[in-house]
Amino acid sequence: MKRERWQKNFSEWFNDILRDADIMDTRYPVKGLYVWLPYGLKLRNHVFAVIRQLLEQSGHQEVLFPLLIPEDIFRKEAEHIRGFEGQVYWVTHGGLSKLDVKLALRPTSETSIYPMFALWIRSHADLPIKVFQVVNVFRYETKMTKPMIRLREVTTFKEAHTAHATWEEAEAQVQEAVKVYQRFFDELGVPYLITKRPPWDTFAGAVYSLAFDTLAPDGRTLQIGTVHNLGQNFAKVYELKYETPDGKQEYVYQTCYGISERVIAAAMMVHGDDIGLCLPPKVAPIQVVVVPIPFKGKEAPVQQIASAVANELTTAGVRAHLDDRDVRPGRKFYHWERRGVPLRLEIGPEDVEKDQVTAVRRDTGERQAIPRNALRNKVRELLETIDGDLRARAWKSFNEMTHEASDVETAKGLMDRRGGIVRMPWCGDEECGLELEERTGGDILGEKFGGEQASGICPICSKRAAKSVYLARTY
Ligand code: P5A
Ligand code: ZN
């Protein structure tokens, strides 16, 4: 597959595909807000069905909280408000009257959910609580806004919130959350690096933050999810107490973790090419498109079989679409290729004669004949193969874009020339970290989640390196 424009002009590629593939209309007259189009919305719903299922399977319950948060409640956790203050939209009026208490449009829902947790939690028997919601949140982002990636209205914010009796249980929950997200990104075939963020990049109000980063085609990283251990920080200000079995009052321990439609952008870009999208079969709105190729005098049987093939697949639970528009087949091919449909089935006179269909893979362009009586099994098998191959290929390029460096110049050079992620030794001191960021022009993603053997010396202070640190130019 050709990937010149995809790589060199990634932003343009992305914006064009949003329009051409009917994903989004980006002309809405408010900055940072966009319109989901039918095909894009279907894609979004399939992607979020995957995470919903994974969360439900691991004991999370879906809830739905209000959008508005009273100012006094919102301001209670000092770090949290310091982190979000500059990003909050405020509702100040109801009709013509000024509100007594301003209302924040949630930028995230800790301060909306936890006061209610305080009402729900009485004793240790009420714990753990594991809930999630999929909602819109508003953030007045000041960096350049970008459809799906940096929004002012995040339309699809999946946030999970938990409360536990002990620190150990909260730690175990962090591990579970990481596993859920790993499975989710694996389903999408989106590669990732999991790091523990440095203190200066920790979520406002958290004890520590973990983040998943993937790579855009231009070599910049994109944070596609975070998991936070909140300790008792919020519990103490929102009075989240429970009675222990021996009658004492204790504060709960909490975690939260979130993803947004940014993961859809990630899936679109890691698998795409110059032709357009190449969607993972699991989330593709249309998995198989059936295109009749009629020849003079043979129109009827071709149309008939094409329609039977599409019906057979639909009945078997495959998302199949028959494209019987009065348009040249070549145009149809391009139309569906650009929209990322993983598999095309062509039915021409020769196929009719031989009682077969011709399958063409979107990812490789490979053609093969499938006997009509093996249709269902073979299509399923091909979709599985495409799914696995997409994932493997994405991981391969991701790994190829992860480099090693032991000094500032090499690290900077790698990021300048090739982009990607650079691993290097670091003493662990904040001062050295910040200087490393400044001199390489990269951002510290953090140290690898789960720990990693360190070697070498810190390129800033020459002390023995306590850890390896990952750096990248980031979105
Ligand atoms: C975790 C869920 C939180 O807000 N509170 C509840 C925690 N974490 S976060 O890192 O700030 O956001 C989680 C993920 O949401 C995506 N995201 C965005 N996507 C699009 N536009 C935005 N403006 C935006 N802000 C955050 C990121 O993927 C982030 O990791
Ligand atoms: Zn150092």
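All ligand and atom numbering here is 1-based and tracks the order in the structure.
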Ligand-side contact atoms (ligand 1) for residue partner Ser260, heavy atom cut-off under 4.0 Å: 15 (O), 16 (C), 17 (N), 18 (C), 19 (N), 20 (C)
What about the rings of Trp36 and Tyr28, do their centers lie closer together than 6.0 Å? no
Would Thr108 count as being in polar contact with ligand 1, using the rule that some N or O on each side must be under 3.5 angstrom apart? yes
Among protein heavy atoms, which lies nearest atom 20 (C) of ligand 1, and at what distance? Ile149 O, 3.1 Å
Which residue and atom name correspond to the protein heavy atom nearest atom 29 (C) of ligand 1, and how close is it? Gln223 OE1, 3.2 Å
Below 6.0 angstrom between ring centroids: does that apply to His80 and Phe203? yes
Can Phe157 be said to touch ligand 1, with heavy atoms closer than 4.0 Å? yes
Checking a contact table here: which protein heavy atom is nearest atom 10 (O) of ligand 1, and how many Å away? Thr226 OG1, 2.8 Å
Geometry only, no angles: is His161 polar-contacting ligand 1 at N/O separations under 3.5 Å? no
What part of Leu151 sits under 4.0 Å from ligand 1 if we count only heavy atoms: the side chain, the backbone, both or neither? both
What verdict does the ring-ring contact (aromatic ring centres under 6.0 Å, His included) test give for Tyr192 and Trp395, after you've listed the backbone C-alpha separation in whole Å, the side-chain angles of each residue and the deciding distance to 0.1 Å? CA-CA 8 Å; Tyr192 47 82; Trp395 271 104; 5.1 Å; yes
At the Zn ion (ligand 2), what is the angle formed between atom SG of Cys458 and atom SG of Cys432, rounded to the nearest 10°? 120°
Could you identify the single nearest non-hydrogen protein atom to atom 14 (C) of ligand 1 and state the distance to 0.1 Å? Gly258 O, 3.7 Å
May I ask you to identify, for Glu261, whether its side chain, its backbone, both or neither come under 4.0 Å of ligand 1 on a heavy-atom basis? neither
Ligand 1-proximal atoms of Val263, by part, heavy-atom distance under 4.0 Å: neither
If you have a sec, work out which protein heavy atom is nearest atom 27 (C) of ligand 1 and how many Å separate them, to one decimal? Arg262 NH1, 3.6 Å
Are Arg106 and Phe65 in a cation-pi setup, meaning NZ or CZ lies under 6.0 angstrom from the ring centre and within 45 degrees of the ring axis? no
Nearest 0.5 Å, what's the CE-CG distance between Met424 and Leu414? 9.5 Å
Measure the distances from the heavy atoms of Arg152 to every atom of ligand 1 and state whether one is below 4.0 angstrom. no
Run the numbers for me: atoms of ligand 1, each under 4.0 Å from some heavy atom of Glu110, listed by number. 5 (N), 6 (C), 7 (C)
Mutual orientation of the aromatic rings belonging to Phe138 and Tyr89 [parallel < 30°, tilted 30-60°, perpendicular > 60°]: perpendicular
Within the 6.0 Å centroid threshold, strictly below: Tyr253 and Phe234: no
Show the atoms of ligand 1 that are less than 4.0 angstrom away from any heavy atom in Glu141. 22 (C), 23 (N), 25 (N)
Protein residue, atom and distance nearest to atom 4 (O) of ligand 1, heavy-atom basis: Arg139 NH2, 2.9 Å
For the pair Trp6 (side chain) and Met269 (backbone), establish whether a donor and an acceptor sit closer than 3.5 Å, ignoring hydrogens and angles. yes
